[in-house]
Protein chains: 2
Amino acid sequence: MPKDATFNEEDVCNAIRDRVLEQRLAPGTKLTEESLCSIFGVGRTTVRRAFLLLTRDNIIQLQKNKGAVVASPSPEEAKQVFEARMVLERAMLEKAAQNVSTDDIARLREHLEEEADAIAQTDIARWIRLTGKFHILLAELSGNALMCNFLEQLVFQTSLIIALYGRSGAAPNCKGGDHARIVDAIAAGDATTAGTILVSHLTSIEGQLVFEARNSEQDLHAIFGT
Amino acid sequence: MPKDATFNEEDVCNAIRDRVLEQRLAPGTKLTEESLCSIFGVGRTTVRRAFLLLTRDNIIQLQKNKGAVVASPSPEEAKQVFEARMVLERAMLEKAAQNVSTDDIARLREHLEEEADAIAQTDIARWIRLTGKFHILLAELSGNALMCNFLEQLVFQTSLIIALYGRSGAAPNCKGGDHARIVDAIAAGDATTAGTILVSHLTSIEGQLVFEARNSEQDLHAIFGT
DNA sequence: TTTCTATAAATTGTCAACAATTTACTGCCG
DNA sequence: CGGCAGTAAATTGTTGACAATTTATAGAAA
């Protein structure tokens, strides 16, 4: 028995992050302290700390006296996220490709099967989460925990971005055998190819976004001559 | 009159960060809530929030019931910091070199003069802070605020690393005209050269570190056969 | 009906008291 | 003198009440 373990702020953070990753928490969603308190059975202090940490990661936005809402990255921020991912993730991947063990490859292949399984069962939420986790898994192989943390933040933000600007909902991204091809390249020890595939993979995802004016007041200002 | 503005957690964070950057706050220093409360004239709540944010940035370490101490990056972490800096900072610098305006160059040159002035006045603390800020300034020119934040964290951590493992205290690092040469390369629009100088600059700093066993229990375990 | 205002409700921000834990100290025994 | 309880002090963790602010509601006037 897990000793009636009570949740701490890290647990709350991870829970919220995971929901964001699965796109079950849409950008703009209001997060009230009270609701989270009752959901997790923790005090306001804990929720408050979780909010502070999530703000730091750009996952939620905290406004004075107004509470927390799930972040809505602007198109400009979205561009920066992809730019950062390409730089970071390629470097990490190329480094990983030089140090992987056969066990690591096996672990990656196992993950690919999980992804396929999620699709087979049409468990979209799980699949979305798994595709995100794949990139984090790759990052971990680089052995650089610091860069891994950075990338993790970026992956979560990517999920928000796709939720906001993704064309046909969740399904179309991360399609094809890109992930499998990356693993193959790593297994072959071809760091450069792995990096190239990754970058085109990200470019493809970014290319599927559509930033047309949907809502918000910014658009109103743009429409009129202000 | 600035309306008797009271400090918030961001102010406290920045103050602590700046002290770390100037190496006036040594790794391992205990930070009690009470002392910071009286120093900044804020409540414990604010200090506590600041601690949480600083923990996220690896600037302090927060232990349950034991309070906060300034972080002491391990040699392994130090290696990761430099690795991350080379990846991130080179990418940002090369991007910056393509977009800089003459105003930006002027601003950089101005900064170089400040650095020289600090040396002339033997104001070491100010000089250390300026050399750190130089790298942040470069990063800002990339136009990617996200990567800029990442790098900022890394710069602060670098300051801790140098304080811990730097050979002759503070002075020898970031010497020579490396900064000036980087600015020259940028001004000439030579992104590749700028990147190369930067990497060798960082490599040089890293090379001056000495990770010999100084204290800590890890060394004891290594000494005996455990 | 719409709009504006005043009031009420709900939500967030702050603070102080109390509980839990760690750290420092004193005195005792060897 | 050095080590070891046991107690006192100090520091951190948590909770709850209250203040400040925002949001929702109801009613009156146009």
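So that the names make sense, note that chain A is the first sequence line, chain B the second, and so on, each numbered from 1. If you're wondering where the values come from, they're calculated on a predicted model, not measured in any experiment.
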Test log, rule side-chain contact (heavy atoms from CB on, under 4.5 Å), inputs A/Phe40 and A/Thr46:
CA-CA 10 Å; A/Phe40 293 99; A/Thr46 304; over 6 Å; no

Quick check on B/Glu113: does its CD atom have over 12 non-hydrogen neighbours (other residues, nucleotides or ligands) under 6.0 Å away?
no

Counted 5' to 3', the first and last nucleotides of DNA chain C within 4.0 Å (strictly under) of a heavy-atom of chain B are C/dT14 to C/dT23

Might you confirm whether atom CZ of B/Arg49 has over 12 heavy atoms from other residues, nucleotides or ligands at distances under 6.0 Å?
yes

Answer yes when B/Glu140 and B/Arg107 have at least one side-chain N-carboxylate O distance shorter than 4.0 Å, and no when they do not.
no

Salt bridge (Lys or Arg N to Asp or Glu O under 4.0 Å) partners for A/Glu77, two or more places apart
none

Between A/Glu89 and A/Leu198, is the side-chain contact (heavy atoms from CB on, under 4.5 Å) condition met? List the steps.
CA-CA 8 Å; A/Glu89 210 166 341; A/Leu198 177 75; 3.6 Å; yes

Does a side chain donor of either A/His111 or A/His179 reach within less than 3.5 Å of an acceptor in the other side chain?
no

Sequence neighbours left out, what passes salt bridge (Lys or Arg N to Asp or Glu O under 4.0 Å) with B/Glu83? Give chain and number order.
A/Lys95

Going by number, which of residues 52-60 of chain B have a non-hydrogen atom under 4.0 Å from DNA chain D?
none

Taking side-chain contact (heavy atoms from CB on, under 4.5 Å) as the definition, give me every residue that meets it alongside B/Glu22, ordered by chain and number, with sequence neighbours left out.
B/Arg19, B/Arg24, B/Ala125, B/Arg129

Pair B/Arg85 + B/Glu206: basic N to acidic O under 4.0 Å
no

Expected rows: protein N/O vs nucleotides 12-14 of chain D N/O, under 3.5 Å:
| unit_1 | atom_1 | unit_2 | atom_2 | d |
| --- | --- | --- | --- | --- |
| D/dT12 | OP2 | B/Glu33 | N | 3.2 |
| D/dG13 | OP1 | B/Asn65 | N | 3.2 |
| D/dG13 | OP2 | B/Arg48 | NH2 | 2.2 |
| D/dG13 | O5' | B/Arg48 | NH2 | 3.3 |
| D/dG13 | N7 | B/Arg44 | NH2 | 3.3 |
| D/dG13 | O6 | B/Arg44 | NH2 | 2.7 |
| D/dT14 | OP1 | B/Lys64 | NZ | 3.4 |
| D/dT14 | OP2 | A/Arg49 | NH2 | 3.3 |

